[in-house]
Amino acid sequence: MNSIHLVAPSGASLDEKSPLAGMAWLKSQGMAIHNPDCVHRVHERFAGSDAERLNELNHLATLDTKQIVMAMRGGYGIHRLLSDIQWNAIAQAVKGGLQICGHSDFTSFELGLLAKTGAITLSGPMLNYDFGRIDENGKPIPPDEFMWKHFLSAIQERKLDCTINASQAFLGQVDSGSITGMLWGGNLTVLASLIGTSYLPSSTQTKGGILFLEDVNEHPYRLERTLMQLLDAGVLGNQAAVLLGGFSAYRLYDNDKGYTLERAVEAIRHRLAKYIPILTDLPFGHQANKLTLPVGASATLEYSAAGFNLKASW
């Protein structure tokens with residue numbers, strides 16, 4: 001697995017340096033880069049017209065299945081394309097070995113593929129902000145070692161194994177236990193936007209699952225409101241466990257008066273059945289140190305006062 005095929009199905013790149021730096025670093029690790037021109041496309045705020053981005057996604061069905069498909073960045077744009085994506089054809093390529101990776105807005109593609117076909121994708125790093133990070137002086141920042149290690153484990157061994165100790169995990173009143181279920185999820189806001197559509201995996205598919213969530217630039221009250229939506233829609237109560245990753249790039253205000261993200265999580269815990277653990281600080285989201293998580297794979301979660309361990313192979 002030393003060949004990466006880039007796609008840009010969402011927002012246009014916010015700068016020229018990030019994608020170029022990302023491609024340069026991946027090439028330095030022996031990776032061949034295919035479809036590099038997609039990073040330069042711009043149509044309004046999108047990385048190309050709807051037709052260009054749709055054709056690029058549907059073209060995945062024809063790729064050499066030894067390649068890794070990686071999204072350039074998130075933003076917004078895939079939801080426009082969902083009704084015309086050739087889900088079954090892409091799923092056949094995945095069945096043949098193709099691996100597809102991204103997060104953020106890419107959540108809608110990954111959950112749509114899972115809902116329609118059951119195919120497993122990778123919620124993990126993208127080109128611009130994981131491999132092409134730039135400092136304030138415009139110089140490349142080396143990719144996070146933790147992220148790179150787990151990305152390689154996913155694409156080379158199809159394996160996930162991560163332990164989070166108790167000093168990192170906000171465990172609340174959780175005791176201990178072991179759960180095996182389907183690992184699924186992604187960006188909280190994007191996932192919630194799929195409620196009531198055929199692109200969100202059904203309650204039958206996700207019953208007893210391990211749901212992971214992350215978000216960026218959303219105040220805790222907005223996160224709580226969206227979590228309440230998932231709760232009232234029956235999504236949270238259908239799970240065996242909920243894992244919360246990074247919720248970053250927001251600011252609190254004077255009128256919050258002590259209201260924080262932790263208080264928002266407590267409100268959800270209070271409403272949710274106590275036997276469903278909500279664990280936090282999963283290393284995943286809009287942050288450098290992220291896992292690569294197999295969306296749709298069977299995983300095992302073991303948790304106790306010492307922390308938790310998440311494992312999967314697919």
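As the structure is a prediction and not an experimental result, all values here were calculated from the model.
For the residue pair Q239/W184, the side-chain donor-acceptor check at 3.5 Å is satisfied. There is no side-chain donor-acceptor pair under 3.5 Å between S104 and N187. If you check the side chains of S10 and D105, you find a donor sitting under 3.5 Å from an acceptor. In this model, no donor atom of one side chain and acceptor atom of the other lie less than 3.5 Å apart for D64 and S3. Side chain to side chain, N238 and S203 fail the donor-acceptor criterion of an N or O pair below 3.5 Å. The closest side-chain donor-acceptor pair between H43 and E52, if any, does not fall under 3.5 angstrom. A side-chain donor from one of E56 and N35 sits under 3.5 Å from a side-chain acceptor of the other. Side-chain contact of H40 with E16: a donor-acceptor pair under 3.5 Å is present, judged by distance alone.
For K116, the NZ atom is densely surrounded, since the number of other residues' heavy atoms within 6.0 Å is greater than 12. Within 6.0 Å of atom CG in N255, more than 12 heavy atoms from other residues, nucleotides or ligands are found, so the atom counts as buried in its surroundings.
Counting heavy atoms from C-beta on, the side chains of I90 and I100 come closer than 4.5 Å. With contacts defined as side-chain heavy-atom distances shorter than 4.5 Å, the pair L54/I85 qualifies. Inter-residue side-chain proximity for Y250 and P220 is flagged as met; some heavy-atom pair is nearer than 4.5 Å. Within the 4.5 Å cutoff, no side-chain heavy atoms of F284 are placed close to those of T292. Put simply, the side chain of Y303 does not reach to within 4.5 Å of the side chain of N309, judged on heavy atoms. L191 is listed as a side-chain neighbour of L211, based on a closest heavy-atom distance under 4.5 Å. M182 has its side chain within reach of T206: a pair of non-hydrogen atoms, C-beta onward, lies under 4.5 Å apart.
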Could you go through the side chain to side chain contact (heavy atoms under 4.5 Å, CB included) check for F151 and K290 one step at a time? CA-CA 9 Å; F151 177 68; K290 64 169 56 65; over 6 Å; no
Please determine whether side chain to side chain donor-acceptor pair (under 3.5 Å) holds for the pair N128 and S13, giving the CA-CA distance in whole Å, both sets of side-chain angles, and the decisive distance to 0.1 Å. CA-CA 8 Å; N128 279 23; S13 184; 3.1 Å; yes
Apply salt bridge (charged side-chain N to carboxylate O under 4.0 Å, His left out) to R133 and D130, showing your working. CA-CA 6 Å; R133 290 188 298 151; D130 293 302; over 6 Å; no
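The aromatic rings of H5 and H59 are tilted relative to each other, their planes meeting at an angle between 30° and 60°.
You'll find the ring centres of Y221 and Y259 outside the 6.0 Å limit.
Listed by chain and number, the hydrophobic cluster partners of Y76 are F46, where partners are ILVMFWY side chains within reach of under 4.5 Å, directly or through others.
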